[in-house]
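In the text below, chain A, chain B and the rest are named by the order of the sequence lines, each starting its count at 1. Since this is a predicted model, take the numbers as computed values, not measurements.
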Protein chains: 2
Amino acid sequence: MTEVPDENGKGKRKPAGAAVLQESVTSAILRAAFAELAETGYARMSMDAVAKRARVGKAAIYRRWTSKQDMVVALSAQVGVPLAEIADTGSLRGDLLAYLRATSKLLRHPLASQIVPDLLAEGAREPVLAQVFADVVERPRRERATELLQRAVERGELPPDMDTDLALDLLFGPLYWRLMVSRERMPPGYVDRLADTLLAALVALPSVAAHA
Amino acid sequence: MTEVPDENGKGKRKPAGAAVLQESVTSAILRAAFAELAETGYARMSMDAVAKRARVGKAAIYRRWTSKQDMVVALSAQVGVPLAEIADTGSLRGDLLAYLRATSKLLRHPLASQIVPDLLAEGAREPVLAQVFADVVERPRRERATELLQRAVERGELPPDMDTDLALDLLFGPLYWRLMVSRERMPPGYVDRLADTLLAALVALPSVAAHA
DNA sequence: ACGCAACGGAACGGTTGCGTTCCGACGCCG
DNA sequence: CGGCGTCGGAACGCAACCGTTCCGTTGCGT
């Protein structure tokens, strides 16, 4: 159900459409759905609007996916994967900065910044959305960040019995709060100061066993 | 437009309804809208459903508010205000713990935890929702937390030139991330460990002027 | 005792959306 | 060169929702 057909199936066609040259119908639909999702939100997004924006008949959409939900799930799966790379810069502080900068750039993306909170909220009602979001965004990010912390432990920059669970919340939380919830602008040097503060917080982190 | 009429207008009535005894029509509507908002989400919430759940005619709703948006704004304004109290326990650590516990309890409320992210996401498209959310939830919280930090400065627990902006993100972010985004359960002692870590982070906070 | 005002409930017209179906056009593949 | 499959587009039936209007009922204030 969820599979996205390869670009160009058996029956190929030349561009044909007016403006969108050289683009397959499938990718035109997904691109339109992405934009529409950002503008309108999942709940209000209409398939007619997607078809219209993609200069496509609705039949072309339902030939590929069985429903709006199915299409959005496929779209999320395709978009979510490539955004989970974190570089190894050789030091914890460098890795932190790289991660914070990458995340900040991502969360400032005009489309993503609208879609992420929307799908997150909708996920509370449509479990399949929450699932794909967890699998395709949340988990990869968490894994990359865990590797980042593990590298610091191996370098001796962090203690081995560190509370990873809490550390991850410290990495993700403040930046997400500022950019997605509070939505205030970041003053110059904000990311650098955040990195320094997180550095201090991480080395002061109680071990997993600590209870008070 | 937004004003909520006093309980019981000129033409009073006894309960009349079946189950909901002793409850004014207005509060029955708001209660139903709150529940419906949590279940369905703002975009999908229907006025018919609210009326039905409140055992009320739709006319009774539109006699009070002009639209769904108007009603939700009034509802948010009424609910949002009382949740911004933070105690003065005499020490920064005590205040932090009190704040974290209070917030954690609030964000675990089954209705609020559904409504908050939903209205937040919707606020990106309906500015009036974002506005009321900022005025009625965000700003009061921010003010209380600023007072918390200010008290710590006066006690000498934090430096006076602290970067308040960054400090607030550290206070709000991790807990919000865990409870609203990641939505994983909090292991025993989590809040205490978070408080200790934040304590360390706050004293290590660079001053406002610092750039690297 | 009476009238007024708000009540619950049902129905309205108009709009919107979903998912399906049908159409004529067009390109590729054999 | 002829047929097959997909194309864009329009229309369909059906359901839901909005906001309004009307109805007969019910209780409070005078």
Side-chain angles (χ1 to χ4, degrees), chain A residues 1 4-33 36-37 39-73 122 125-126, chain B residues 1 4-33 36-37 39-72 125-126:
Chain A
M1 290 298 175
V4 181
D6 291 341
E7 300 286 309
N8 305 326
K10 292 182 178 180
K12 294 184 186 179
R13 287 196 65 196
K14 274 287 171 57
V20 189
L21 299 175
Q22 312 263 66
E23 185 173 24
S24 86
V25 173
T26 299
S27 69
I29 294 173
L30 288 178
R31 173 191 301 272
E36 205 67 28
L37 200 54
E39 274 182 22
T40 318
Y42 177 81
R44 292 194 202 282
M45 183 185 74
S46 87
M47 300 302 263
D48 295 79
V50 172
K52 198 169 184 178
R53 182 187 285 247
R55 298 166 174 274
V56 147
K58 271 203 294 180
I61 299 181
Y62 284 99
R63 218 173 280 128
R64 289 168 171 74
W65 304 280
T66 66
S67 67
K68 172 164 121 178
Q69 188 187 79
D70 191 31
M71 184 185 70
V72 171
V73 166
E122 208 69 38
R125 265 158 241 118
E126 306 219 27
Chain B
M1 289 300 174
V4 180
D6 292 340
E7 300 288 308
N8 305 327
K10 291 183 179 179
K12 296 184 184 179
R13 289 196 63 196
K14 274 288 171 58
V20 187
L21 300 175
Q22 313 263 66
E23 186 173 23
S24 86
V25 173
T26 298
S27 70
I29 294 172
L30 288 178
R31 173 190 302 272
E36 205 67 27
L37 200 54
E39 273 183 22
T40 320
Y42 177 82
R44 290 193 204 282
M45 183 185 74
S46 87
M47 299 303 262
D48 294 79
V50 172
K52 197 169 186 178
R53 182 187 285 246
R55 298 165 175 274
V56 147
K58 271 202 292 180
I61 298 182
Y62 284 100
R63 219 172 281 129
R64 290 168 170 75
W65 304 279
T66 67
S67 67
K68 173 165 118 178
Q69 187 187 80
D70 191 31
M71 183 185 72
V72 171
R125 267 157 239 118
E126 307 219 28

What integer distance in Å separates A:Ile61:CD1 from D:dG9:C1'? 13 Å
B:Trp65 CH2 to D:dC18 P: how many Å, rounded? 15 Å
Please list, pair by pair, any protein nitrogen or oxygen found under 3.5 Å from a nitrogen or oxygen in nucleotides 18-22 of chain C.
from: C:dC18; atom 1: OP1; to: A:Met45; atom 2: O; distance (Å): 3.2
from: C:dC18; atom 1: OP1; to: A:Met47; atom 2: N; distance (Å): 3.2
from: C:dC18; atom 1: OP2; to: A:Met47; atom 2: N; distance (Å): 2.7
from: C:dC18; atom 1: OP2; to: A:Asp48; atom 2: OD1; distance (Å): 3.4
from: C:dG19; atom 1: OP2; to: A:Tyr62; atom 2: OH; distance (Å): 2.8
from: C:dG19; atom 1: N7; to: A:Lys58; atom 2: NZ; distance (Å): 2.7
from: C:dG19; atom 1: O6; to: A:Lys58; atom 2: NZ; distance (Å): 2.7

Watson-Crick or G-U wobble partner of D:dT30, both distances under 3.5 Å: C:dA1
Quick one: A:Lys52 NZ to D:dA11 C1', roughly how many Å, whole number? 15 Å
For A:Arg31, check side chain to side chain contact (heavy atoms under 4.5 Å, CB included) against everything at least two apart and list the hits. A:Glu23
Quick one: closest heavy-atom pair of A:Met71 and A:Ile29, and the distance? SD-CG2, 4.1 Å
Let me know the distance between CZ of B:Arg53 and P of C:dG9, rounded to the nearest Å. 15 Å
If you take all heavy atoms of A:Lys58 and A:Ala51, which pair is closest and at what distance? CG-CB, 3.8 Å
Worked check of salt bridge (charged side-chain N to carboxylate O under 4.0 Å, His left out) between A:Glu126 and B:Arg44: CA-CA 13 Å; A:Glu126 306 219 27; B:Arg44 290 193 204 282; 3.4 Å; yes
salt_bridge(B:Glu39, B:Arg53) N-O dist < 4.0 Å: yes
For B:Met45 and B:Ala33 the tightest heavy-atom approach is SD-O, 3.9 Å
